[in-house]
S.K.: 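Could you have a look at this structure, given as structure tokens, before my questions?
Numbered from 1 within each chain, the chains take letters A, B, ... in sequence-line order. Only this structure's heavy atoms are used, side chains among them; waters, hydrogens and symmetry mates stay out.
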There are 2 protein chains.
Amino acid sequence: MNRPSPRGKRIPPFTVLRFARYLNFLCNLPEEVREISSAEMARTIGIKATQLRQDFFTLGGFGRQGRKYDTRVLEERLREVLALQGSQHMVLVGAGNLGQALANYQDFERFNLYLRGIFDTNPKLIGLRFRGIEVMGLEHMQDFIREQGIELGIICVPHSVAQPVCDALVEAGIKGIWNFSPENVLVPEGVVVQNENLSVGIMNLSYQLSIARED
Amino acid sequence: MNRPSPRGKRIPPFTVLRFARYLNFLCNLPEEVREISSAEMARTIGIKATQLRQDFFTLGGFGRQGRKYDTRVLEERLREVLALQGSQHMVLVGAGNLGQALANYQDFERFNLYLRGIFDTNPKLIGLRFRGIEVMGLEHMQDFIREQGIELGIICVPHSVAQPVCDALVEAGIKGIWNFSPENVLVPEGVVVQNENLSVGIMNLSYQLSIARED
DNA sequence: TAGATTGTTAATCGATTAACAATC
DNA sequence: TAGATTGTTAATCGATTAACAATC
């Protein structure tokens, strides 16, 4: 069960999520900023400095006592930890509004994530191009994934077809699913899923707002 | 509509997030399903039944010992807790791809969330309509918010203008910010923010995938 | 040396799970 | 009564924070 991995100790799940936020923060920083303290970084992100240092400590520390962090060292280490150093390729299923938004999302390339194919069943969408990538018929999806050896799939289809689309992706060899449909999808052992249910965010906001009103 | 009895008790943050998932699950359930067990619901959502019951217990329990949960009672109670029973009105800033996707998102109305105005600076977008809502110039935003008494604002602008847009929203009286720009925005006391940084999800997926590959 | 900073341990706090009582 | 189910407490597990040592 808890075996040491080649890249070191197991990282706590919440720490991984913050690693992503740290990296994102560093990428948005102006080029000329070469060093930053835990206090400054933590304040901007909205956490405690001690938590940030504890996070870095899980990997043995990213800096040196007495010195601020080198932003470029930090960025490289985080990319490495998050497995973003080699290119990863993605397909997107569902070229509706949300699918188009993701296809046009500029930030992916910054993390070496490349969209290679878009698939839909709607004849009006097939043949359209987003950032140079053509929308193809769903019937070509599995061959495309196999030929290109793609491992990441983004699901932007209505919830009624999310599970069959997911199954087709997995059958074709997809190992990671990024699911924007409002239904959780089930996958076999060895495949990982990241569910991004947009409703959860707005409902949480609604609750927080109601609490704030009472104070 | 402040309910004193169950309210007042603070709900653990992670429980609130799961409440949103439970409600979402119930809304996607076929109309004719009138009762459901904690085991069945938990399995579909991907958590333990005991955690679901513990969640419900924070509000005194939603059901009766020995009986399954009544889906409609459950749904009503969750809507109440999440403060989704009265209508809430929203404005959206930034009518690019992601903004358009959200403007077209069908699920909001199911939770009594209504988009009332869309704002952008791009002349090509101003005047367009999404689901009947016109895109207006950003200069009209503050008056619109004040006149309509709107409390929720959705930010879908590039990260360089996220903070000034956020400040303008807050100045006009917005109390809750749903932020899709990749930069965390800062707000004064009394205003709540839900940051939805899309990059975090894909980076987490990238990490999980790298771990899965090692096993 | 003094002040600022990160590394590291230990304590605290909160979230999850196990166990079983209560109820139907 | 037996089996299924939720309510509730207590134990376990994990995440956050405080404190301070180490270093520059």
Side-chain angles (χ1 to χ4, degrees), chain A residues 1-2 8-22 25-26 33-75 77-78 81 200 204 207-208 211, chain B residues 5-6 9-22 25-26 33-78 81 200 204 207-208 211:
Chain A
M1 275 301 213
N2 45 353
K9 319 169 195 105
R10 167 194 158 278
I11 304 172
F14 287 90
T15 295
V16 175
L17 294 177
R18 281 191 297 271
F19 278 164
R21 292 168 63 195
Y22 302 147
F25 167 82
L26 290 166
V33 180
R34 294 287 170 82
E35 54 174 37
I36 192 163
S37 70
S38 59
E40 195 180 345
M41 197 163 160
R43 180 165 23 81
T44 320
I45 290 177
I47 61 168
K48 297 235 159 91
T50 192
Q51 179 167 59
L52 182 147
R53 294 205 302 279
Q54 181 66 279
D55 284 342
F56 290 178
F57 176 61
T58 65
L59 294 174
F62 283 5
R64 291 162 66 199
Q65 287 169 320
R67 309 294 305 270
K68 294 186 177 182
Y69 295 105
D70 180 307
T71 52
R72 290 184 295 186
V73 169
L74 219 52
E75 190 179 323
R77 291 283 285 120
L78 288 170
V81 171
V200 171
N204 188 43
Y207 173 80
Q208 301 303 335
I211 295 301
Chain B
S5 29
K9 248 187 266 173
R10 165 194 160 280
I11 303 173
F14 286 90
T15 296
V16 175
L17 294 176
R18 282 191 297 271
F19 278 164
R21 292 168 63 196
Y22 302 147
F25 167 82
L26 291 166
V33 180
R34 294 285 169 81
E35 55 173 38
I36 192 163
S37 70
S38 60
E40 195 181 344
M41 198 162 161
R43 180 165 24 82
T44 319
I45 290 177
I47 61 168
K48 296 235 159 91
T50 192
Q51 179 167 59
L52 182 147
R53 294 205 303 277
Q54 180 66 280
D55 284 342
F56 290 178
F57 177 62
T58 65
L59 294 174
F62 283 6
R64 291 160 67 199
Q65 287 169 321
R67 309 296 304 270
K68 294 186 178 183
Y69 295 106
D70 180 308
T71 52
R72 290 183 295 185
V73 168
L74 218 54
E75 190 180 322
E76 275 315 290
R77 292 285 284 121
L78 289 169
V81 170
V200 170
N204 187 44
Y207 173 80
Q208 301 303 336
I211 295 300

S.K.: Using side-chain heavy atoms (C-beta onward) and a distance below 4.5 Å, is A:L52 in contact with A:Y22?
M.R.: yes

S.K.: Tell me, do B:E75 and B:L78 make a side-chain contact under 4.5 Å, heavy atoms counted?
M.R.: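 Counting from C-beta outward, B:E75 and B:L78 never come under 4.5 Å.
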
S.K.: Report the nucleotide, chosen from C:dA15, D:dT9, D:dT5, that has the shortest atom-to-atom distance to any side-chain atom of B:Q54.
M.R.: D:dT9

S.K.: Without decimals, in angstroms, what is the distance between B:R53 CZ and D:dT5 C1'?
M.R.: 8 Å

S.K.: Grab the CD1-P distance between B:I47 and C:dT16 for me, whole Å please.
M.R.: 9 Å

S.K.: Starting from C1' on C:dT8, measure out to CG on A:D55 and report it in whole angstrom.
M.R.: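 From A:D55 CG to C:dT8 C1': 14 Å.
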
S.K.: Answer yes or no: is there a donor N or O on one side and an acceptor on the other, between the side chain of B:T58 and the main chain of B:Q54, under 3.5 Å?
M.R.: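 Absent.
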
S.K.: Between A:Q65 and A:T50, just flag the one whose closest nucleotide in DNA chain D comes earlier from the 5' side.
M.R.: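 Its nearest nucleotide lies further toward 5', so the answer is A:T50.
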
S.K.: Does A:V33 offer a backbone N or O that forms a donor-acceptor pair with the side chain of A:T71 under 3.5 Å?
M.R.: yes

S.K.: Have a look at A:F56 and say if it touches a base, only the backbone sugar-phosphate, or nothing, with a 4.0 Å heavy-atom cut-off.
M.R.: nothing

S.K.: Between C:dG14 atom P and B:I11 atom CD1, what is the distance in whole Å?
M.R.: 16 Å

S.K.: Starting at the 5' end of DNA chain D, write a dot or bracket for each base, bracketing those in Watson-Crick or G-U wobble pairs whose two distances are under 3.5 Å and using | for partners on another strand.
M.R.: ..||||||||||||||||||||||

S.K.: Which residues satisfy the ring pair (Phe, Tyr, Trp, His ring centres under 6.0 Å) test with B:Y69, sequence neighbours excluded?
M.R.: B:F56

S.K.: For C:dG7, take OP1 and OP2 only and decide whether either is under 4.0 Å from a side-chain N or O of A:Y69.
M.R.: yes

S.K.: May I ask you to evaluate whether A:R64 reaches the phosphate of D:dC24, defined as a side-chain N or O under 4.0 Å from OP1 or OP2?
M.R.: yes

S.K.: Search all heavy atoms of A:R53 against all heavy atoms of A:S38 and return the closest pair with its distance.
M.R.: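 Where A:R53 meets A:S38 most closely, the heavy atoms are NH1-OG, 3.3 Å.
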
S.K.: Of all heavy-atom pairs between A:I45 and A:R21, which one has the smallest distance, and what is that distance?
M.R.: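 Closest approach of A:I45 to A:R21, heavy atoms only: O-NH2, 3.1 Å.
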
S.K.: Rounded to whole Å, how long is the line connecting atom NZ of B:K68 with atom C1' of D:dG3?
M.R.: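 Distance check: B:K68 NZ to D:dG3 C1' gives 13 Å.
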
S.K.: Round to a whole Å and report the spacing from CZ of A:F14 to C1' of D:dT16.
M.R.: 11 Å

S.K.: Using only atom types and a distance under 3.5 Å, with no angle test, would you say the side chain of B:R77 pairs donor to acceptor with the backbone of B:F62?
M.R.: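 Looks like no, no N/O pair under 3.5 Å.
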
S.K.: Check every atom of C:dC20, D:dA15, C:dT16 against the side chain of B:Q51 and return the nucleotide holding the closest atom.
M.R.: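 Taking heavy atoms from C-beta onward, the closest nucleotide is C:dT16.
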
S.K.: Measure CZ/A:F62 against C1'/C:dG7 and give the value in whole Å, please.
M.R.: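 So the two atoms are 13 Å apart, to the nearest Å.
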
S.K.: To the nearest Å, give me how far apart CZ (B:F19) and P (C:dA15) are.
M.R.: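 In whole Å, C:dA15 P lies 12 Å from B:F19 CZ.
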
S.K.: By nearest atom, which of the nucleotides C:dT6, D:dT17, D:dC24 is closest to the A:S38 side chain?
M.R.: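 Out of C:dT6, D:dT17, D:dC24, the nucleotide with an atom closest to A:S38's side chain is C:dT6.
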
S.K.: Between D:dT16, C:dA18, C:dT16, which one does the side chain of B:K48 approach most closely?
M.R.: C:dA18

S.K.: Please tell me which of the listed nucleotides, C:dA15, C:dT8, D:dT9, lies nearest to the side chain of B:F57?
M.R.: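 Nearest listed nucleotide: D:dT9.
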
S.K.: Which nucleotide wins on minimum distance to the side chain of A:R10, given the candidates C:dT16, C:dT6, D:dA15?
M.R.: D:dA15

